[in-house]
Every structure is written in structure tokens, then in C-alpha cells.
Amino acid sequence: MIPEKHATDLPGYRKKSFLLYYNGGEIWFEHLEGMYGNEDLVTEKLNSDIPLFTRPSSTAFICFVFYETVITDNVILAVKKAVLESKKRFTKIAFCGVDRKNQKQFKRVLSDQGFGIEFFDGIEEAKAWLLP
């Protein structure tokens, strides 16, 4: 793990999450990748973006990107809270860069919530599933 004072210099922490226009619709990409084992930074960045992707006018399609980030129980809990405790109704949620163990964890906490959930190795495949 990188010390906190240097961790904020990680490209993954500085990379902004954003809205992408794709195939006639919009997808929110929540970039949480490249933060390695810095759990606090991952949850801090996610929490700072929640007001952006949970607005009523925001898209109902979201992709969480986790390449090169360690996904802990606290990170899974933070994603669960962000999705389920907001008043935002999501249609589909994609995940990129999640290993099989954590895919099972995400499925366990997010299945049967009224939206589709899927896991992908690449962002292009996630975009095509979110907005075919």
C-alpha cells in the first residue's frame, strides 16, 4: 500500500469519473481503478462522486471500473450503499476489472434489486451491454 500522502498522486485517484454519450444514450463511468490497496481513497472518491451519478436527471446506466484496485469488503459495502441507499433507480450496472471472488460478492449484495448486473473484462463490452 502506498502511504496516504503519496496515494493522492496516483493516476487512478486523479482520474475523473465521467458521463459518456454512447449509442444514443448516456453511461456514467465511475473510475475507481489504479488505487491498488488504498481502500480509504477508493471509498473517498466513490463518496465524492455519489451526488453526481445519483441525481434524478443522471443516467440509469453505470459502469464501475476497478482495474488495479484491491476490492475489499468495505469497498463492496460502499458500492452497495451508493447504489441501494440513493433514490436513484438504475437500469443496468456493469463492473470492469473485478475478479471471480468479488464478482460473487457483488452479485450477493446487488442481485434481485430491480436492475441488471454484469461483469466484463473490457470497457467496450460493458458499453455494448449497457446500451446495445
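This chain uses plain numbering: 1 for the first residue, then up along the sequence. These numbers come from a predicted model, not from an experiment.
Between Ser17 and Glu30, the side chains place a donor N or O and an acceptor N or O closer than 3.5 Å (distance only, hydrogens not considered).
Checked against the 6.0 Å centroid threshold, Phe64 and His31 do not count as a close aromatic pair.
The distance from atom OH of Tyr21 to atom CG of Leu19, rounded to the nearest 0.5 Å, is 5.0 Å. Atom CD of residue Gln105 and atom CZ of residue Arg100 lie 15.0 Å apart, to the nearest 0.5 angstrom. Note that OG1 of Thr69 and NZ of Lys45 are 8.5 Å apart. Values are rounded to the nearest 0.5 Å. Once rounded to the nearest 0.5 Å, the distance linking CG of Leu32 with CG of Asp49 reads 7.5 Å. In this structure, CD1 on Ile93 lies 6.5 Å from CD1 on Ile62, to the nearest 0.5 angstrom.
The heavy-atom pair separating Phe66 from Val98 by the smallest distance is CD1-CG2, 3.9 Å. Taking all atoms of both residues into account, the shortest heavy-atom contact from Cys96 to Gly122 is SG-O, 3.7 Å. The shortest non-hydrogen separation linking Lys92 to Trp129 is NZ-O, 2.7 Å. Heavy atoms only, all atoms of each residue included: Val75 and Glu39 are closest at CG2-CG, 4.1 Å. In terms of heavy atoms, Phe90 sits closest to Lys88 at CZ-CG, 3.5 Å. Val79 and Leu46 get closest at one heavy-atom pair: N-CD2, 3.7 Å.
Under a hydrophobic-cluster definition in which Ile, Leu, Val, Met, Phe, Trp and Tyr are linked whenever side-chain heavy atoms come within less than 4.5 Å, directly or via other members, Phe95 and Tyr22 are assigned to different clusters. Hydrophobic clustering (ILVMFWY, side-chain heavy atoms < 4.5 Å, transitive): Leu130 and Phe120 are in one cluster. In this structure, Phe115 is not a member of the same hydrophobic cluster as Val65, with clusters built from ILVMFWY side-chain heavy atoms closer than 4.5 Å. Residues Ile123 and Phe119 are members of separate hydrophobic clusters, defined by side-chain heavy-atom contacts under 4.5 angstrom among Ile, Leu, Val, Met, Phe, Trp and Tyr. Note: the hydrophobic cluster containing Ile71 does not contain Leu77 (ILVMFWY, side chain heavy atoms under 4.5 Å, direct or indirect links).
Atom CG of Asp121 sits in a sparse spot, with 12 or fewer heavy atoms from other residues, nucleotides or ligands closer than 6.0 Å. Counted within 6.0 Å of NZ on Lys81, heavy atoms from surrounding residues, nucleotides or ligands total 12 or fewer; the atom is thus considered open. Taking a 6.0 Å sphere around NZ of Lys80, one finds it holds 12 or fewer heavy atoms contributed by other residues, nucleotides or ligands.
Of the possible polar contacts, one joining the Asn47 side chain to the Thr43 backbone as a donor-acceptor pair under 3.5 Å is found. Formation of a donor-acceptor pair under 3.5 Å by the Ser86 side chain with backbone atoms of Thr54 is not found in this model. Side-chain atoms of Thr59 come within 3.5 Å of backbone atoms of Glu26 as a donor-acceptor pair (strictly under, hydrogens ignored). Between the Ser111 side chain and the Arg108 main chain, no donor and acceptor come within less than 3.5 Å of each other. For the pair Asn38 (side chain) and Leu41 (backbone), a donor-acceptor distance under 3.5 Å is absent. One N or O on the side chain of Ser58 and one on the backbone of Leu52 form a donor-acceptor pair closer than 3.5 Å.
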- request: Mind running side chain to side chain contact (heavy atoms under 4.5 Å, CB included) on Val83 and Gln113 for me, showing each step along the way?
  value: CA-CA 10 Å; Val83 170; Gln113 298 294 329; over 6 Å; no
query: Hey, mind stepping through Trp28 and Phe61 against ring pair (Phe, Tyr, Trp, His ring centres under 6.0 Å) and telling me if it holds?
result: CA-CA 6 Å; Trp28 179 264; Phe61 303 97; over 10 Å; no
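Legend: residues meeting side chain to side chain donor-acceptor pair (under 3.5 Å) with Asn23, ordered by chain and number and at least two apart, are absent.
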